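In what follows, a structure is listed as structure tokens, so that the remarks can point back to it.
Please read these numbers as outputs of a predicted model, since none were measured by experiment. Just so you know, these numbers use all the heavy atoms, side chains as well, and skip hydrogens, waters and symmetry mates. Throughout, numbering of the chain's residues begins at 1 and tracks the sequence.
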Amino acid sequence: KEPPQESVIMPLTDEQQMEVDMISAMYGDTFELKEDKELPMYIVGIVTTPNEPPELLVEVTYPPNYPDESPPKVKGEQLSSDRRLRIDKLIDKIKTVCEENAGTLYITMCIQRVQEWLIQQDEEAAAAAKPKEEEKDSIDPTI
């Protein structure tokens, strides 16, 4: 019998490490580097307002030849059950950023776009709820 092969953990390239350091500095407590994976991977929790728990997790896995040839694998996971997010639309936005910036480091930009998108979802939800609140205020209680 052959001994089981150990998986080889691919180290970050200098460019990838620079990007990871930048994202880690930007997202601090909500950033987690997964060093036990074969390919470099990290998770970032996205918040819309400070001091709130993350609503969305973004998982990024670097392929060996990112950014020169292959885009990273990016997944999103909703954490909050307060509302339903259209993760598919978010992934489409990320893919567009990846295509437009092929050959450069762009995950920082992707994560910023995710945060902007999440804030926009909050604003749209607040705007949709506002007319309902105004209707409640305008109901004549004497009827």
Side-chain angles (χ1 to χ4, degrees), residues 1-139 141:
K1 286 185 174 181
E2 291 182 32
Q5 289 188 342
E6 290 185 34
S7 58
V8 177
I9 298 175
M10 187 187 89
L12 291 165
T13 66
D14 289 343
E15 283 184 309
Q16 292 169 350
Q17 184 64 56
M18 183 177 72
E19 187 171 59
V20 165
D21 291 344
M22 188 181 324
I23 293 167
S24 174
M26 291 170 68
Y27 293 93
D29 294 343
T30 65
F31 174 88
E32 181 183 359
L33 182 62
K34 299 286 193 173
E35 298 185 70
D36 58 337
K37 304 293 181 182
E38 288 181 34
L39 294 174
M41 185 186 99
Y42 55 90
I43 297 171
V44 178
I46 307 295
V47 298
T48 54
T49 55
N51 304 321
E52 292 289 324
E55 274 194 69
L56 188 69
L57 282 184
V58 176
E59 180 183 291
V60 178
T61 304
Y62 287 130
N65 48 7
Y66 166 78
D68 298 327
E69 297 171 27
S70 299
K73 185 176 180 182
V74 180
K75 292 187 213 174
E77 178 186 342
Q78 182 174 348
L79 298 177
S80 171
S81 61
D82 294 343
R83 62 186 167 146
R84 180 151 167 70
L85 297 172
R86 295 287 315 264
I87 301 295
D88 56 329
K89 294 215 181 257
L90 175 61
I91 297 301
D92 288 346
K93 280 186 167 297
I94 291 172
K95 285 180 181 175
T96 300
V97 171
C98 292
E99 290 166 5
E100 291 172 353
N101 295 282
T104 64
L105 296 171
Y106 52 79
I107 291 300
T108 305
M109 187 183 319
C110 285
I111 292 175
Q112 288 171 329
R113 290 286 193 304
V114 168
Q115 189 160 24
E116 291 166 5
W117 178 83
L118 196 55
I119 290 168
Q120 180 184 3
Q121 299 304 302
D122 273 359
E123 290 169 353
E124 288 174 6
K130 194 168 187 168
K132 291 177 185 173
E133 289 173 10
E134 289 172 2
E135 285 175 22
K136 287 180 187 175
D137 293 340
S138 66
I139 295 175

Under 3.5 Å, side-chain donor or acceptor atoms of residues 106-115 against the rest of the protein: list the pairs with distances, not counting sequence neighbours.
from	atom 1	to	atom 2	distance (Å)
Q115	OE1	Y27	OH	3.2
Q115	NE2	V47	O	2.9

Next item on the list: Quick one: list whatever passes side chain to side chain contact (heavy atoms under 4.5 Å, CB included) with E52, sequence neighbours left out.
Entry: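 For E52, the residues satisfying side chain to side chain contact (heavy atoms under 4.5 Å, CB included) (neighbours in sequence not counted) are T49.
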*Those residues that, when tested against E59, pass salt bridge (Lys or Arg N to Asp or Glu O under 4.0 Å) (two or more places apart)*: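 In terms of salt bridge (Lys or Arg N to Asp or Glu O under 4.0 Å), with neighbours along the sequence ignored, E59 is linked to K75.
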Quick one: list whatever passes salt bridge (Lys or Arg N to Asp or Glu O under 4.0 Å) with E77, sequence neighbours left out.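 E77 satisfies salt bridge (Lys or Arg N to Asp or Glu O under 4.0 Å) with no other residue.
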Fill in: Contact list for residues 14-24, test side chain to side chain donor-acceptor pair (under 3.5 Å), sequence neighbours left out
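For residues 14-24: Q17-D21, E19-Y62, E19-Y66.
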Please collect all side chain to side chain donor-acceptor pair (under 3.5 Å) contacts where either partner lies in residues 94-104, sequence neighbours excluded, each pair once.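 Not a single pair qualifies under side chain to side chain donor-acceptor pair (under 3.5 Å).
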Of the non-hydrogen atoms in [X] and [Y], which two are nearest, and what is the gap between them?
X	Y	value
L12	P40	CD2-CB, 3.2 Å
P71	P63	O-CG, 3.4 Å
V60	P72	CG1-CB, 4.1 Å

Which residues satisfy the side-chain hydrogen bond (donor to acceptor under 3.5 Å, both in side chains) test with N65, sequence neighbours excluded?
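side-chain hydrogen bond (donor to acceptor under 3.5 Å, both in side chains) list for N65, sorted by chain: E69, S70.
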| Is there a side-chain contact between I46 and V58 (heavy atoms, below 4.5 Å)? |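 They are in contact (side-chain heavy atoms under 4.5 Å apart), so the answer is yes.
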Practice prompt. To the nearest 0.5 angstrom, please state how far the NZ atom of K93 sits from the CG atom of L90.
Written response: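 Answer rounded to 0.5 Å: 8.5 Å.
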